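Here the structure is a predicted model, which is why all the values come from computation and not from measurement. Along the sequence shown, residues carry numbers from 1. Just so it is clear, the values below take in all heavy atoms, side chains as well, and ignore hydrogens, waters and symmetry mates.
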Amino acid sequence: MRRDREKLEDYAKRHNINKTYTDADALINDSSIDAVYIATPPDSHKLYALKVAAAEKPCCIEKPLSPSYADSLEICNAFMEKTFHYL
């Protein structure tokens, strides 16, 4: 996933990747995507992490988790809520 289509297509071609996205919501909500890796700048981690948690998918978030303890706690709680929903 990359917002810049030209760079996205170049990377996908060089690495033989068939499926690409320019919209994060489309990627997160694609039923064929099993997990999401968030490597955006830290100030956007919470935005995407909460969307991934809502989609009930596993997620790896690049460090730092977020710029603040409060945001980090909110991210953790969102995933904990979804995880324990199944127990």
Side-chain angles (χ1 to χ4, degrees):
M1 188 269 158
R2 190 172 189 138
R3 289 175 290 181
D4 183 315
R5 177 155 305 277
E6 185 178 325
K7 290 180 180 179
L8 173 67
E9 290 174 356
D10 176 62
Y11 183 90
K13 183 178 180 180
R14 287 185 289 118
H15 297 280
N16 199 29
I17 297 170
N18 297 323
K19 195 173 209 179
T20 61
Y21 300 86
T22 56
D23 176 43
D25 290 331
L27 180 146
I28 292 167
N29 294 306
D30 183 333
S31 62
S32 70
I33 301 296
D34 296 326
V36 177
Y37 177 75
I38 298 174
T40 58
D43 65 342
S44 64
H45 287 181
K46 178 182 163 186
L47 170 73
Y48 294 117
L50 296 180
K51 290 180 180 198
V52 175
E56 300 185 0
K57 295 183 180 185
C59 184
C60 178
I61 303 172
E62 190 65 46
K63 66 181 180 181
L65 183 59
S66 77
S68 74
Y69 174 77
D71 285 353
S72 295
L73 189 57
E74 190 174 346
I75 291 167
C76 289
N77 287 337
F79 281 97
M80 292 286 284
E81 185 178 295
K82 294 300 180 179
T83 300
F84 289 115
H85 171 74
Y86 294 107
L87 298 178

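- Pairs engaging residues 14-59 under the ring-ring contact (aromatic ring centres under 6.0 Å, His included) rule: Tyr11-His15 [sequence neighbours left out].
- Annotation: side chain to side chain donor-acceptor pair (under 3.5 Å) contacts of Thr20 (sequence neighbours excluded): none.
- Inter-residue side-chain proximity for Leu65 and Cys76 is flagged as met; some heavy-atom pair is nearer than 4.5 Å.
- The other residues sharing a hydrophobic cluster with Tyr69 are Leu73, where clustering joins ILVMFWY side chains under 4.5 Å apart.
- Across every non-hydrogen atom of Ala49 and Ile38, the tightest pair is N-CD1, 3.5 Å.
- In plain terms, the two heavy atoms of Pro67 and Pro42 that are nearest each other are CD-O, 3.4 Å.
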Donor-acceptor list for residues 2-9 side chains, cut-off 3.5 Å, not counting sequence neighbours:
unit_1, atom_1, unit_2, atom_2, d
Asp4, OD1, Glu6, N, 3.1
Asp4, OD1, Lys7, N, 3.0

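- Ile33 and Met1 fall within the same hydrophobic cluster, defined by Ile, Leu, Val, Met, Phe, Trp and Tyr side-chain heavy atoms under 4.5 Å apart, directly or through other members.
- For Lys19, the salt bridge (Lys or Arg N to Asp or Glu O under 4.0 Å) partners two or more places apart in sequence, or in a different chain, are Asp30.
- Annotation: salt bridge (Lys or Arg N to Asp or Glu O under 4.0 Å) contacts of Glu62 (sequence neighbours excluded): none.
- Qualifying salt bridge (Lys or Arg N to Asp or Glu O under 4.0 Å) partners for Arg14, counting only residues two or more places apart in sequence or in other chains: Asp10.
- For Lys51, the side-chain contact (heavy atoms from CB on, under 4.5 Å) partners are Asp25, Ile28, Leu47, not counting sequence neighbours.
- Taking Lys57 as the reference, nothing meets the salt bridge (Lys or Arg N to Asp or Glu O under 4.0 Å) condition, with sequence neighbours excluded.
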